Amino acid sequence: MVGGNIFHCRKNSWPPEEYINKATLQLFDLDSAAPPEHAWRRRLNSHANLLKEFRVTFMEAIKMVRLGIRMWSYVREEASHGRKAPIDPFTRESCKPSASQGVPLGGMGSGSISRGFRGEFRQWQIIPGLCEPSPVMANQFSIFVSREGGNKRFASVLAPGQHEGLGSSKKADEQGISSWGWNLNGQHSTYHALFPRAWTVYDGEPDPELKISCRQISPFVPHNYRESSLPAAVFVYTLVNTGKERAKVSLLFTWANSIGGISHLSGDHVNEPFIAEDGISGVLLYHKTAKDNPPVTFAIAACETQNVSVSVLPNFGLSDRSSITAKGMWSKMVKDGQFDRENFSSGPTMPSSPGDTLCAAVSASAWVEPHGKCTVAFSLAWSSPKVKFVKGSTFQRRYTKFYGTSDRAAVDLAHDALTHYKRWEEEIEKWQNPILKDEKLPEWYKFTLFNELYFLVAGGTIWIDTPLQSSNMRNSQDQVKESENAVVQLTEAKVDCRKRETDSTNDSTVSRGHNHLDENYRDISHENGCVNTLRKGNSTNTLPCSTMKNLQHDDDNDDGGRFLYLEGVEYVMWCTYDVHFYASFALLMLFPRIELSIQREFAQAVLCEDGRKVKYLAEGNWGIRKVYGAVPHDLGTHDPWHEMNAYNIHDTSKWKDLNPKFVLQVYRDFSATGDLQFGVDVWPAVRAAMEYMEQFDRDADGLIENDGFPDQTYDTWTVHGVSAYCGGLWLAALQAAAAMAIQLGDKDFAETCKRKFLKAKPVFEQKLWNGSYFNYDSGSSGNSKSIQADQLAGQWYTASSGLPSLFDDFKIKSSLRKVYDFNVMKVKGGRMGAVNGMHPNGMEEEAFTTAEGIFLSGWSEDGYGYWFQTPEALSIDGHYRSLIYMRPLAIWGMQYALSLPKAVLEAPKMNFMDRIHLPPVSGGLHNETGNFFKLLRTQPSRREAVKNGCQGKVGVPL
């Protein structure tokens, strides 16, 4: 349960009246044109300060010199193969990060483009794993106003004139964008962000008698697995004429044929005008990518109405070599406010020459009566149907399920965005309003909760379709029965499996550099089918793909596809699992099918082994890429799903937190969704993950021990013996595994887990509890008595899953109080969030200083400028480590605690102090599972379960 004191005492109220004149707000009280009451806000003339990156000290660098040399060698080796290392601390972007970000564009998983709060389009992530942070300054909205009588004329780009990449001086013969009218000061213009929408209000700029609201809308709609995959966005301009004269207003949308960086200079790009249905018209921009990457097509469009006229210019350039220059285009708009209608029949342009930039423009013009209003809508869409990873795997993006793979799909996307955006907004408001109107919640929390979701769009997400094998589909009862039998077969095959040797002499190893998997490892295929080859001794058991396949039985037979998101744009690893542990609450609450799909991917990975050799950079030792029974750190970088564990600093098969985190996440999701089929699918992997951890219980006391190196998510922190973090996760995992076993009928395994829990818990408390909190670890180092902010991570998940508390209330509250007093309030008065670790006597040199970015340090006006790019951590002086990072999505863990699912609240309660009836079992967690098999073979199908009123959920109280 979350109490009121979890929130910062400062209200952080940001009323729109402090940023916009009340009279102007009243004018926009129409069609959602006014910014919402709760939003993150900035003035357009706000300074976008450069951000400071965390640097290691000289002494720290000396200690890590061997790691640095090995990493440098690895980065260079990857570069020699045309690949980017997943972690590269040596390469610096030419565009230094600044406090300039805003709400990104588009849905999830189809490539993303961010838009800064001052209007620039930046942070291009169209190609998987690559991010081009620099803004493309030719991509702008501009306005041209003339009033009857001709005595008042205004022309300006709708962005402040002092922009990075624009240049400070304007030459008399300049033919590029510097020749445009960069006349906006931004003093009376404001930006308001409430993801997935943003509002920019121009309160009398550039025309004092014209009020302008631009509403940016993207199709991020929770539980909508179609619209939320679309690469499109809409910009709705509301114009209010407060003057006495009729005004002709022309809005201009310009776009360069570019995917960021210097891609616009590569040549062979083509533009083509189009006229679609319903008065929607614009320009298609065909972009030929470099390095054999799949092509990309953009569409910019506007909607013609009775009062709005749309015209296009398919081609203009930024140099004097262009037949129509940027300067000439601007002059045409200043003079006429529109382009020639004949341009629609001009056909495709000639391919651009290398070194030239090919741009296009769409204009929408309207007359606005005195004291009248007008609405003009533009859309932007991009289509890159194929996802191609560096090592060759190719997939179709999710949206192609609905729009196909044609290079003209961008036209349909742009069209549908303009015709459907009002429905998007209705669904978005229906989702957000209960939280926004909850007076118990602080204002900063409300808009930060939604704005942190930016990462699900801008975090390098990839969403592909899972082809349905409809021609082979039988009725749902047969499908469930087949899955149950496959699970039985898999469990029987692996129940007695023991840990495997992973030393460098393993004979299953193959040479490095291969782009495919050898005969020892078969994962998910690139096509519809798949085969899992699992080794048991010298034999193999080949199982059908349905063993781990997501078998949702919704009306639309849509399993939600397969989803990847990066740990961060600087840590290019897909679905990093130890961080997903914190971030996954957002997906569970908003897109549960995606969350279950990710868990199925990891469940399948647990039961696989990849014997290829990998060199670990921290110590220089060798191991194998993936050990059976170990949860992988990530799903890979250059060939996800097929080449996992891109992280190679430490051997994560020896980490102590990944397997417990897997069990905890699986049970939380199973408990929250009540999805019996999900539980059946992943149960063999849950058992294997628990059995794998036995090797780390060195003294048979029921507790796992850490091994004196950074063997958990805090991968620079050494841990000795029993630790509060990993030990607590293990205790919680024992509870979760027992509860899940009971609900699936595997009573023997449940009793074994309960027995281990009852044995381990008193040992944990004896070794770590010091009277007020749990020590960092049971070792004797100078850090062993440190106060770790994450010491109750296991308790957090038990509470999230409806399980009994791990410890009594006094220990829980005392530990939380200690963390709050020391790790929060003793660091700049609580304005930095929680420091990960502290010595109990305060700020010592040896103290852990990395802090998580939260609202005050990252998002407030007095903070460091990390909005829409929240980093992995902050030092106490505000220096960041790894921008645009997955973990800040953990704010949705707070919301989950405030609104626990009904299935969790009503789940059968476990009593771990019940008398255990089974005789002592030797061999740890390895047991016979006859009861489990019996249940599965007699289990009702989902159809029968629903008929009987239990909706597919099995609950067997103890």
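Predicted model, so just to flag it, every value in this text is computed and none were measured.
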[atom1]-[atom2] distance between [X] and [Y], expressed to the nearest 0.5 angstrom:
| X | Y | atom1 | atom2 | answer |
| --- | --- | --- | --- | --- |
| T870 | I884 | OG1 | CD1 | 9.0 Å |
| L816 | Q795 | CG | CD | 8.5 Å |
| Y725 | L792 | OH | CG | 12.0 Å |
| I126 | S110 | CD1 | OG | 9.5 Å |

So, [X] and [Y]: side-chain donor and acceptor under 3.5 Å apart, yes or no?
| X | Y | value |
| --- | --- | --- |
| S100 | R122 | yes |
| T576 | E567 | yes |
| H720 | T718 | no |
| D862 | S860 | no |

Distance-minimising heavy-atom pair for [X] and [Y]:
| X | Y | answer |
| --- | --- | --- |
| P15 | R41 | C-NE, 3.9 Å |
| D634 | A646 | OD1-N, 2.8 Å |
| Y74 | P86 | OH-CD, 3.6 Å |
| Y776 | Q788 | CD1-OE1, 3.3 Å |
| T448 | W444 | OG1-O, 2.5 Å |
| Y866 | S857 | CD1-O, 4.2 Å |

Do the non-hydrogen side-chain atoms of [X] and [Y] ever get within less than 4.5 Å of each other?
| X | Y | result |
| --- | --- | --- |
| I891 | L889 | no |
| L874 | Y880 | yes |
| L898 | Q895 | yes |
| L105 | L380 | yes |
| F822 | R817 | no |
| L194 | V103 | no |
| Y896 | L588 | yes |
| S134 | W124 | no |

Using atom types as modelled and distance alone, determine if a side-chain donor or acceptor of [X] lies under 3.5 Å from a backbone N or O of [Y].
| X | Y | result |
| --- | --- | --- |
| W382 | G111 | yes |
| Q712 | W717 | yes |
| K446 | L436 | yes |
| T652 | W655 | no |
| R70 | L617 | yes |
| K656 | K654 | yes |
| H264 | I259 | no |
| Q123 | G116 | no |
| W40 | W859 | yes |
| Y885 | Q869 | no |

Just distance, no hydrogens or angles: give the donor-acceptor pairs under 3.5 Å from side chains in residues 50-62, sequence neighbours left out.
from	atom 1	to	atom 2	distance (Å)
T57	OG1	E60	N	3.2
T57	OG1	E60	OE1	3.3
E60	OE1	T57	N	2.8

### Message
Between F220 and F591, does the side-chain contact (heavy atoms from CB on, under 4.5 Å) criterion hold? Intermediate values first, please.
### Response
CA-CA 11 Å; F220 184 96; F591 296 95; 3.6 Å; yes
### Task
Going by the side-chain contact (heavy atoms from CB on, under 4.5 Å) test, name the single residue among Y571, Y582, F455 that passes it with M886.
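The side-chain contact (heavy atoms from CB on, under 4.5 Å) with M886 is passed solely by F455 among Y571, Y582, F455.
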### Query
When you look at H580 and Y565, which way does the side chain to side chain donor-acceptor pair (under 3.5 Å) test go after all the steps?
CA-CA 9 Å; H580 183 68; Y565 66 144; 2.6 Å; yes
### Message
Parallel, tilted or perpendicular: which one describes the rings of Y647 and H633, with boundaries at 30° and 60°?
### Response
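The rings of Y647 and H633 lie parallel, inter-plane angle below 30°.
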### Query
So H650 and F709, would you call those rings parallel, tilted or perpendicular, with 30° and 60° as cut-offs?
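Geometry flag for F709 against H650: tilted rings.
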### Query
Can you list the steps and then say if D777 with S723 is a side chain to side chain donor-acceptor pair (under 3.5 Å)?
CA-CA 4 Å; D777 65 28; S723 69; over 6 Å; no
#### Entry: Cation over ring face, K818 and Y773, 6.0 Å, 45°
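No - K818 does not lie over the ring of Y773 by the 6.0 Å and 45° rule.
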### Task
Quick one: list whatever passes salt bridge (Lys or Arg N to Asp or Glu O under 4.0 Å) with R197, sequence neighbours left out.
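Expected list: E425, E429.
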### Y577 ring center near F602 ring center (under 6.0 Å)
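That pair passes the under 6.0 Å test.
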### Query
Less than 6.0 Å separating the ring centroids of F581 and Y797?
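Yes: the rings meet the under 6.0 Å criterion.
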All side chain to side chain contact (heavy atoms under 4.5 Å, CB included) counterparts of [X], not counting sequence neighbours:
| X | answer |
| --- | --- |
| A724 | L768, F774, Q791 |
| N293 | I127, T289, K291 |
| P640 | F389, L564, W574 |
| S46 | R42, R43, F117 |

